[in-house]
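These notes concern the structure reproduced below.
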2 protein chains.
Amino acid sequence: MSYVAYVNGPGSVYMKRVKRAELIKQTRDKLLAAGRKAFARDGYHAASMDQLTADVGLTRGALYHHFGSKRGLMEAVVEQIDTEMAGRLRDALKDATDRRQALIDEGVAYIKLALEPEFQRIVLRDGPAVLGAPMHWPSQNACLAGTIERIQHLVDTGEIAPVDAEAAARLLDGAVLDAAMWIAAADDPAAVAQRAIDAFTRLASGLVAR
Amino acid sequence: MSYVAYVNGPGSVYMKRVKRAELIKQTRDKLLAAGRKAFARDGYHAASMDQLTADVGLTRGALYHHFGSKRGLMEAVVEQIDTEMAGRLRDALKDATDRRQALIDEGVAYIKLALEPEFQRIVLRDGPAVLGAPMHWPSQNACLAGTIERIQHLVDTGEIAPVDAEAAARLLDGAVLDAAMWIAAADDPAAVAQRAIDAFTRLASGLVAR
DNA sequence: TCCATAACATACGAGGCGTATGTGAAATAT
DNA sequence: ATATTTCACATACGCCTCGTATGTTATGGA
């Protein structure tokens, strides 16, 4: 790993190394994307690794090299989705004024995010069966940690009555995810979503009471 | 199907028919019990039908005759567990005095029931992945229907402020089940259970407010 | 220039599920 | 009372899938 930057023009050893690293990353990304698509469409169990890799012009050899196992690919896919979700949730809440109201808004925003079929199928449905309880996932803590922090802050500033922040966050999380699955399975998702959001607001009002 | 009861002593054609039906039922029950045990111990995917049936002195032939598929066995097992749970939940709530408090007690009781590893693994973890969203299960409605009915009654009698009973029930359900998985995964389940129950009481207080 | 390692592809073996088929006993029809 | 059909399984087969072991080629380092 010894090179001098200012002599690295195109075609230099350094650039070739960079190029190669990019190709490898592209291979990994292709597998990841193919896995995400296959898991979302067919479900974890029905997704065939042979099929999935062939779809992007590779073989199972590449997959097992990069991810170690079918489960390993699933872990990577779940982490990717979860990270995206956490980011989008953060964006949706970044300009909140009333912090107490923001807690309720967070739940509502989470419900809307959790409606996406890809998230439902991979993270909510197959994820626990394949990877075990979400509490043990490193990624899943991203969303939850934010909620815990927000609740704790409300307690610390006296904006809401004291409550166990983590416990409250987990309860809200469970309620919200369950609601999302209910909505997704409904004939009229929009109507059911409104019912769920109203009920959630009512429920959360008990938490944010002063 | 024409026989006269008072001439049916032991050894009669009728008795033989009864005996045979009992044997068939025993076979079914043995398979069901074996499936329940194997699914709880190994998880749905890792459970082998060959192994499972051999454990009770049968073959896969018997299994596919009675249940049609591995998934069919899973459905039967889930229904059995869910039915048991609904019954135990009903027992735990049958002598409640304060109906508003009973709604909270119901959540607490459900948390305790949902702590059982068999329920967690089969119904909560593997169930959704194998059978799809629980809303589509015929059995899952047993517990939920009871909760909906209780909430609706509280609303009708004016004991609590009006709320969408089904939506509220589903939210509580999700919160409670999530809490149960949190508790089960904890190092100190007893302590975490208390935190969850306290937080749930606080949360539900928003629902039962007049 | 030679060797080690990385990034894949190929080949192999082991289960597992579902189904098609076989079988003997019981139920039913004649 | 006998013949036929149906039931409750057991047996046998084929297909698919995953994981691993083994090449193979190209790159990085000495």
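Values below: all heavy atoms of this structure, side chains included; hydrogens, waters and symmetry mates excluded. Below, chains carry the letters A, B, ... as their sequence lines are ordered, and counting in each starts from 1. A quick note: this is a predicted structure, and the numbers were derived from the prediction, not measured.
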Can you tell which of dC18(D), dC8(C), dC9(D) lies closest to the side chain of Lys70(A)?
dC18(D)
Any side-chain N or O of Ser48(B) under 4.0 Å from OP1/OP2 of dG16(C)?
yes
Strictly distance-based, threshold 3.5 Å: is any side-chain N or O of Arg71(B) a donor or acceptor partner for the main-chain N or O of Val130(B)?
yes
Rounding to a whole Å, what distance do you find between Tyr64(B):OH and dA8(D):C1'?
17 Å
Expressed in angstrom and rounded to an integer, what is the separation of Arg28(A) atom CZ from dA7(C) atom C1'?
14 Å
Distance, rounded to the nearest Å, where Glu22(B) contributes CD and dC7(D) contributes P
20 Å
Contact under 4.0 Å: His66(A) side-chain N or O vs dC8(C) OP1/OP2:
yes
Should we count CD of Gln101(B) as having more than 12 external heavy atoms under 6.0 Å?
yes
5'-most contact on DNA chain D: Gly68(A) or Lys25(B), nearest heavy atom basis?
Lys25(B)
Does Arg99(B) reach the side chain of Leu103(B), with side-chain heavy atoms less than 4.5 Å apart?
no
Interatomic distance where CZ belongs to Phe39(A) and C1' belongs to dC18(D) [whole Å]
12 Å
Give a yes/no on whether any side-chain N or O of Thr27(B) is located under 4.0 angstrom from OP1 or OP2 of dC9(D).
yes
Does Asp126(B) reach the main-chain N or O of Tyr44(B) with its side chain, forming a donor-acceptor pair under 3.5 Å?
yes
d(CD, Gln51(B); P, dG15(C)) in whole Å
12 Å
Taking atom C1' of dT19(C) as reference, at what distance in whole Å does atom CZ of Arg60(B) sit?
9 Å
Report the distance from atom CE of Met49(A) to atom C1' of dA9(C), rounded to the nearest whole Å.
17 Å
So what does Ala47(A) hit on the nucleic acid, given a heavy-atom distance under 4.0 Å: a base, only sugar-phosphate, or nothing?
sugar-phosphate
Please give, in whole Å, the distance from dT24(D) P to Leu58(A) CG?
20 Å
Over 60° means perpendicular and under 30° means parallel, so classify the ring planes of His45(B) and His45(A), tilted if in between.
perpendicular
Presence of His65(A) side-chain N/O under 4.0 Å of dA7(C) phosphate oxygens OP1/OP2:
yes
